[in-house]
2 protein chains.
Amino acid sequence: MVKIKDIADKANVSIATVSNVINNRGRVGEETRKKILKIIDEVNYQPNEIAKSLKLNKTNDIGVIVEDISVFNAPEIINGIHAAAEEKGLSILLTNMGLFKKNGNQYPEISKCKELALPLFNQLVSNQVEGIIYIGIHSRDITGLIPDSKIPIVYTYCYTKNENDYSVNYDDEGASYQITKYLINKGHTQIGLISGLINSVSSYARFQGYQKALSEQMLMFNPQFVKTGDWQYESGYRMTQDLLNQENIPTAIIAMNDLMAAGAIQAIKDNGRQVPNDIAVVGFDNRELSSYISPRLTTMSLPLEEMGKKAMEILDQIRNKYPVNQKKYRLGCQLVERDSVYSLE
Amino acid sequence: MVKIKDIADKANVSIATVSNVINNRGRVGEETRKKILKIIDEVNYQPNEIAKSLKLNKTNDIGVIVEDISVFNAPEIINGIHAAAEEKGLSILLTNMGLFKKNGNQYPEISKCKELALPLFNQLVSNQVEGIIYIGIHSRDITGLIPDSKIPIVYTYCYTKNENDYSVNYDDEGASYQITKYLINKGHTQIGLISGLINSVSSYARFQGYQKALSEQMLMFNPQFVKTGDWQYESGYRMTQDLLNQENIPTAIIAMNDLMAAGAIQAIKDNGRQVPNDIAVVGFDNRELSSYISPRLTTMSLPLEEMGKKAMEILDQIRNKYPVNQKKYRLGCQLVERDSVYSLE
DNA sequence: CTGAAAGCGCTTACAG
DNA sequence: CTGAAAGCGCTTACAG
């Protein structure tokens, strides 16, 4: 690798002068500047960022810890982080816990997670990253997972109970409210809900949004219309069967994710009914499959890329000691209309 | 951050001695060793990797350039890279071209790609990575995209014409041969093929595999059975309609990816026929949607994670100047049987 | 306008 | 067994 000394020798100047022209500081004569610039160009000199980092005590690296890069939310969030980082001249040190795979597709206990996260955290610290973004696999509480330290950290797709921690998530309740309202506007008054696991804050918040939309429109809340699934296709299928076997059958079903929505659609078809004509189905997440099942699924799109961007921007502000007016962020979701909802009016 | 000097002061020894105990080199008295170790533990000392890197001229960082992290193949490949890197104590500097998004979901020309890749490449070089893995979006020739340099680089999910370059891909022809043979073994003799774009080497190789299996089994190759799509759902749908409108209708259809297979299934259903009872459909890629469409799609699973691992292992060998016996690798695909194929026997 | 020198946090011959 | 010193490639007061 060619270094600053090589340039200096070639130009018959000191390394200080070369450094000055590279960084546009100090007074340098126009002649020498040109000469040096020419040489730099000729030899395609690339400054050694490692040396700069050591000297300036500033790496321009930020670390990301992702709980599992194979899970659908990770790539888009990383995409957003990368886009924002690029703008700020920051590099990304990527680290993956592989939580799902290492634990038979089950979400491990917090203590197990800690074991997996700690070495990655230390690795990042050793590499002198200027901040860390932690990407969760679920919107869940991970208080205490990452040890306290002076290094700035922002959590996304998860959160902590610590009021000093930064986190960026999406607005579960608002999204659920929005999609319920959408169904109501389409004339639906009997709306089934297939929730995720009940120990999930997302399930809870989305239930709240559902109820809020109902009561705002003076619609009766019917407890028989809400069934609890486990986020998987099969549970969507089964819970929909339950819904279909009741006296009152909903005209629309909200599944709290696309997988369960796909199961719901299949159950409805197997029951001899049509989607959307007999029963509308709506999902959550806007995963790839939602465009390819039949009918194409109307669903809520998560602001994944935006979450990544936002997390990076906040991190950059903390890093630069800008005042950050807010610690917990919730970004809005967007409805994507496809073919699984029929208007009753 | 606590540094080696702080430890030395606390222990009343020189920094050289501290360094020696940290790295287990040189003779150090048992007493002093213990004392130093204790202090290191107490203050939770983490060595500054940046300083080590500069001194040792060795960063233990490897760079990855991914053409688009939002594309389905990227996360699993990165997963594999990360797993192998972790074993070797390497960190990953991740870089994303965002090729698709920046170009309206079209694959840009090679010169445009170059423009996007070069700054990322330089960034990685500046950061003194010890090698680079380049992850393509398609199995395609990207000769000349990355400038020549002494830094080791291995290409995956793409390749170059340069015989000195390393690349790891999967075995298109073998996979296609395998799945065709599978269909034949199930009693199918009239097998349709919906290919991807014809300028793709994957399309060509898969066509070869298809033909090879046919001729090995003394089956007539019927040119009317092969249709050219463009990898998208819609084209799978249309090409299947064409197939269905011909005199001879195949009893099985191979689509060269899952998206087109999904389109094929829908076309068959809309035509009033059943999958798999009337016509079997088989895909390629094993993307998420293949588990959730109806019927669940039998498809070829790509060895994505293995490709990432392999790429990392090769890179590590080059980096360590091990003799690498081979430059171009092709990993095998695996058939995943689900519900879209019916046995005729 | 230009350069000599110190120093970032480490490692490593070498001397004692 | 232990430590003083040089040096990795840079930047930055400071002196001239």
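Naming: A, B, ... by sequence-line order, numbering from 1 per chain.
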Chemist: Could you state the atom-to-atom distance from CD1 of Ile50(B) to P of dG9(D) in whole Å?
Modeler: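 Roughly 15 Å, once rounded to whole Å.
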
Chemist: Does the side chain of Leu315(B) come within less than 4.5 Å of Ile133(B)'s, by heavy atoms?
Modeler: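 Yes. Closest side-chain heavy atoms under 4.5 Å.
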
Chemist: Measure CG/Asn60(A) against P/dC10(D) and give the value in whole Å, please.
Modeler: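 The distance from CG of Asn60(A) to P of dC10(D) comes to 15 Å, rounded to the nearest Å.
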
Chemist: Roughly how many Å is it from CG in Asn24(A) to C1' in dT12(D), rounded to a whole number?
Modeler: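 So the two atoms are 15 Å apart, to the nearest Å.
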
Chemist: For dC10(D), does either OP1 or OP2 sit under 4.0 Å from a side-chain N or O belonging to Lys52(A)?
Modeler: no

Chemist: Rounded to whole angstroms, how far apart are CD on Gln128(A) and P on dC10(C)?
Modeler: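 The answer, rounded to whole Å, is 8 Å.
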
Chemist: Any non-hydrogen side-chain atom of Tyr159(B) less than 4.5 Å from a side-chain atom of Ile142(B)?
Modeler: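 Answer no - side chains too far apart.
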
Chemist: Tell me whether the rings of His138(B) and Phe100(B) are parallel (<30°), tilted (30 to 60°) or perpendicular (>60°).
Modeler: perpendicular

Chemist: Name the pairs: protein N/O against N/O of nucleotides 2-5 of chain D, kept only if under 3.5 Å.
Modeler:
from   : atom 1 : to       : atom 2 : distance (Å)
dT2(D) : OP1    : Thr32(B) : OG1    : 3.4
dT2(D) : OP2    : Gly29(B) : N      : 2.7
dT2(D) : OP2    : Thr32(B) : OG1    : 2.9
dG3(D) : OP2    : Ser14(B) : N      : 2.9
dG3(D) : OP2    : Ser14(B) : OG     : 3.4
dG3(D) : OP2    : Thr17(B) : OG1    : 3.0

Chemist: Report yes if at least one side-chain N or O of Ser19(A) is closer than 4.0 Å to OP1 or OP2 of dT11(D); otherwise report no.
Modeler: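 Looking at the OP1 and OP2 atoms of dT11(D), one of them is under 4.0 Å from a side-chain N or O of Ser19(A).
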
Chemist: For a 4.5 angstrom cut-off between non-hydrogen side-chain atoms, does Asp6(A) reach Tyr45(A)?
Modeler: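 A side-chain contact under 4.5 Å is absent here.
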
Chemist: Flag the pair Ile135(A) / Ile81(A) as yes when at least one side-chain heavy-atom distance between them is below 4.5 Å, and no otherwise.
Modeler: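 With C-beta onward as the side chain, the pair touches.
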
Chemist: Rounded to the nearest Å, what distance is computed from the CG atom of residue Asn48(A) to the P atom of nucleotide dC10(D)?
Modeler: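 Computing the Asn48(A):CG to dC10(D):P distance gives 5 Å.
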
Chemist: Whole-Å distance between dT11(C) P and Lys58(B) NZ?
Modeler: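 Distance, rounded to whole Å: 13 Å.
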
Chemist: Is the phosphate of dG9(D), meaning OP1 or OP2, less than 4.0 Å from a side-chain N or O of Lys3(A)?
Modeler: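 For dG9(D), OP1 or OP2 has a side-chain N or O of Lys3(A) closer than 4.0 Å.
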
Chemist: Please determine if a side-chain N or O atom of Tyr45(A) lies less than 4.0 Å away from the OP1 or OP2 oxygen of dC10(D).
Modeler: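 Indeed, a polar side-chain atom of Tyr45(A) lies that close.
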
Chemist: Figure out the NZ/C1' separation between Lys5(B) and dC8(C), and round it to whole Å.
Modeler: 14 Å

Chemist: Looking at Arg25(A), I'd like to know whether one of its side-chain N or O atoms comes within less than 4.0 Å of OP1 or OP2 on dT11(D).
Modeler: no

Chemist: Which is true for Asn57(A) with a 4.0 Å heavy-atom rule: it touches a base, it touches only sugar-phosphate, or it touches nothing?
Modeler: nothing

Chemist: Would you say the side-chain atoms of Glu67(B) and Tyr134(B) include a donor-acceptor pair closer than 3.5 Å?
Modeler: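 Yes.
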
Chemist: Roughly, in whole Å, what's the span from CD in Glu49(A) to C1' in dC8(D)?
Modeler: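 Nearest whole value for this atom pair: 16 Å.
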
Chemist: Under a 3.5 Å limit for both distances, which nucleotide forms a Watson-Crick or G-U wobble pair with dG3(D), could you say?
Modeler: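 dG3(D) is paired with dC14(C).
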
Chemist: Answer yes or no: is there an ion pair linking Lys35(A) with Glu31(A), defined by an N-O contact shorter than 4.0 Å?
Modeler: no

